[in-house]
Undergrad: 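For reference, the structure I am asking about is given below.
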Protein chains: 2
Amino acid sequence: MQDEQRAERRREPLTKDVIVRVSVEILDAAGETGLTFRALATRLHTGAGAIYHHVANKSQLLTAVTDDVVAAALHDRTPPAEPAQAVRILMLDVFDVFDAHPWVGTQLAAEPWQPAVLRVFDRVGTLLDALGVPASAQFDATSTLVHHVLGVAGQYAAAARLAGPGTDRSAFLGAVATRRTTQGGADAFPFLDRFATTFADHDDRAQFRAGVDVILAGIATLR
Amino acid sequence: MQDEQRAERRREPLTKDVIVRVSVEILDAAGETGLTFRALATRLHTGAGAIYHHVANKSQLLTAVTDDVVAAALHDRTPPAEPAQAVRILMLDVFDVFDAHPWVGTQLAAEPWQPAVLRVFDRVGTLLDALGVPASAQFDATSTLVHHVLGVAGQYAAAARLAGPGTDRSAFLGAVATRRTTQGGADAFPFLDRFATTFADHDDRAQFRAGVDVILAGIATLR
DNA sequence: ACCTGAACACCGTTCAAGT
DNA sequence: ACCTGAACACCGTTCAAGT
């Protein structure tokens with residue numbers, strides 16, 4: 001009986017796993033600015049200082065949270081036999097992580113060679129090995145694909161941060177198009193002007209896929 | 001006499017240009033955490049609030065500072081006649097901006113489609129047009145190169161932020177290599193393990209150049 | 001119009017005090 | 001050993017008061 005009351009008043013024991021899980025919930029719901037140690041402590045029914053018994057600091061927490069989400073996304077999938085297609089699917093799986101958790105893009109650039117990046121890097125490299133890319137070119141080829149996905153992730157996270165939940169995306173892209181033509185004369189950005197009309201209804205995922213295909217085509221020439 | 005004393009005590013008039021210039025100095029000298037409105041105000045011999053008469057907020061200031069540095073780097077160079085070589089040189093010029101100002105990498109991911117990104121995008125696209133890339137493939141090809149450079153910029157900025165002025169780079173990369181093998185069993189990252197020995201003395205610029213070549217090879221197949 | 005600088009509403013992090 | 005929560009040393013931003 002006493003144990004039951006105890007169980008009611010006590011929350012589940014504070015562990016790093018619980019902190020990481022709740023952090024993901026907060027980040028998904030409230031974005032990058034929403035995750036503070038005070039908000040985390042409130043949600044965990046504890047004090048802000050308690051978190052430091054399980055996590056060294058906020059930077060380490062965010063690294064762990066990012067790796068957790070990326071690792072989960074890369075787990076449950078049997079890759080297709082064709083290696084090039086396996087690379088495409090892997091890359092799109094990573095892209096879809098940004099779609100579900102835009103804050104991941106910011107965190108991947110917060111620390112170099114962090115676990116989540118190593119994880120993706122290793123998976124891509126292993127597939128390129130299976131694809132028959134010469135050993136001497138494997139590292140550079142892998143690096144190209146990974147940096148491409150990191151670049152897209154960064155822009156994607158920035159867009160999500162700026163857009164927020166209730167912003168009109170094509171209105172923003174329209175504003176970008178306007179800014180192009182107004183600053184520095186009419187022909188400041190002649191190339192982009194040619195694509196101004198198709199800018200507003202742009203498909204990020206399709207563009208990312210096209211980029212992966214371009215890089216794969218380049219990798220194929222290394223054979 | 002009173003006017004002379006007055007003239008001594010007054011600084012040059014506060015303008016956005018001066019604020020941007022001093023911001024670059026602070027960022028280069030003290031890094032991203034060094035740029036605060038208080039530090040800026042001290043250097044400008046004014047109050048923190050005065051800055052808001054010329055700049056809307058810190059985000060807008062950083063966008064302006066980033067565009068200023070990128071624009072300066074892209075100005076003074078006559079491109080070679082061969083378009084593919086011109087792309088390589090342009091990309092390396094952008095890379096060298098990160099080398100001189102590592103904080104640029106962070107800022108390029110702070111806001112989507114910001115002026116500095118549009119600037120690079122337009123230059124790359126114009127060169128790819130000259131290269132003979134079909135119009136239907138120009139946007140995707142340009143996007144691939146730009147996102148690659150953004151991905152590298154982000155990792156580069158993260159490395160600089162972590163390393164600081166007096167840190168041993170190869171020691172850090174050695175630590176990364178160690179972390180790989182210790183977490184999650186010996187074969188957690190089998191691909192990376194094969195490159196562990198060559199990891200410490202890695203040349204970021206050479207790797208970036210290799211990535212550009214891979215993408216250019218892929219773009220060539222679009223012809 | 002521009003500047004001042006104290007004040008406000010936050011942060012991450014620390015640490016004496018509790019259990 | 002783990003937790004508490006006030007306190008510290010910062011931030012960006014605002015704004016009444018000055019010139």
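Everything quoted here is computed from the prediction, not taken from an experiment. Chain identifiers are assigned alphabetically (A, B, ...) following the order of the sequence lines, protein sequences preceding nucleic acid strands; residue numbering begins at 1 within each chain.
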Undergrad: In whole angstrom, give the distance that lies between atom CZ of A/R38 and atom C1' of D/dA6.
TA: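 A/R38 atom CZ is separated from D/dA6 atom C1' by 10 Å.
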Undergrad: If you define the side chain from C-beta out and look only at heavy atoms, does anything of A/D28 sit under 4.5 Å from A/H101?
TA: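 With C-beta onward as the side chain, the pair touches.
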Undergrad: Below 4.0 angstrom, which residues in residues 54-62 of chain A have at least one non-hydrogen atom near DNA chain C?
TA: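 Heavy-atom contacts with DNA chain C come from A/N57, A/K58.
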Undergrad: If only side-chain N and O atoms count, and only distance matters, is there a donor-acceptor pair under 3.5 Å linking A/T66 with A/Q114?
TA: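 No donor-acceptor contact under 3.5 Å links the two side chains.
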Undergrad: Measure across B/R43 and B/I26 and return the closest heavy-atom pair with its distance rounded to 0.1 Å.
TA: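 The pair with the smallest heavy-atom distance is NH1-CG1, 4.0 Å.
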Undergrad: Return the stems involving DNA chain C, sorted by first number, where pairs are Watson-Crick (N1-N3 with N6-O4 or O6-N4) or G-U wobble (N1-O2 and O6-N3), both under 3.5 Å, and runs are 3 or more long.
TA: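 Ordered by first number, the stems with DNA chain C (at least 3 consecutive pairs each) read C:4-8 with D:12-16, C:12-16 with D:4-8.
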Undergrad: Once you measure the plane-to-plane angle for A/Y156 and A/F98, does it fall in the parallel (<30°), tilted (30-60°) or perpendicular (>60°) bin?
TA: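 A/Y156 vs A/F98 ring planes: tilted.
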Undergrad: Which is more 5' along DNA chain D, the nucleotide nearest A/A48 or the one nearest B/H53? Just name the residue.
TA: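 With A/A48 and B/H53 compared, the 5'-side residue is A/A48.
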Undergrad: Taking only residues two or more places apart in sequence or in another chain, which ones pass side chain to side chain contact (heavy atoms under 4.5 Å, CB included) with A/S23?
TA: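 In terms of side chain to side chain contact (heavy atoms under 4.5 Å, CB included), with neighbours along the sequence ignored, A/S23 is linked to A/I19, A/L35, A/L40, A/L61, A/V65.
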Undergrad: What are the two closest heavy atoms between A/Q155 and B/W113, and how far apart are they?
TA: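 Heavy atoms only, the tightest pair is NE2-N, 3.3 Å.
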Undergrad: Whole-Å distance between D/dT14 P and B/I51 CD1?
TA: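 Rounded to the whole Å, the gap is 13 Å.
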Undergrad: What's A/L35 touching, base or sugar-phosphate or nothing? Going by heavy atoms closer than 4.0 Å.
TA: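 A/L35: backbone/sugar contact only, no base atoms under 4.0 Å.
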Undergrad: Over 60° means perpendicular and under 30° means parallel, so tell me whether A/Y52 and A/F37 are parallel, tilted or perpendicular.
TA: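 It falls in the parallel class, under 30°.
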Undergrad: Taking all atoms of both residues into account, what is the closest heavy-atom pair of B/A110 and A/R161, and its distance?
TA: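 Heavy atoms of B/A110 and A/R161 come nearest at O-NH1, 2.8 Å.
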Undergrad: Indicate the ring-plane relationship of B/F95 and B/F208, choosing parallel, tilted or perpendicular according to the 30° and 60° boundaries.
TA: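 Parallel.
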Undergrad: In whole Å, I'd like the distance from the CG atom of A/L14 to the C1' atom of D/dA1.
TA: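 Result: 13 Å.
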Undergrad: Using atom CD1 of A/I26 as one end and atom P of C/dC11 as the other, report the distance to the nearest whole Å.
TA: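 So the two atoms are 12 Å apart, to the nearest Å.
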Undergrad: So which nucleotide from D/dC11, D/dC3, D/dT14 ends up closest to the side chain of B/Y52?
TA: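 Closest nucleotide to the B/Y52 side chain: D/dT14.
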Undergrad: Counting side-chain heavy atoms from C-beta on, which of D/dC3, C/dC3, D/dG12 comes nearest to B/F37?
TA: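 Between D/dC3, C/dC3, D/dG12, the one nearest the side chain of B/F37 would be D/dG12.
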Undergrad: Rounded off to whole Å, could you give me the CD-to-C1' distance for the B/E32 and D/dC11 pair?
TA: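 Going from CD in B/E32 over to C1' in D/dC11 covers 16 Å.
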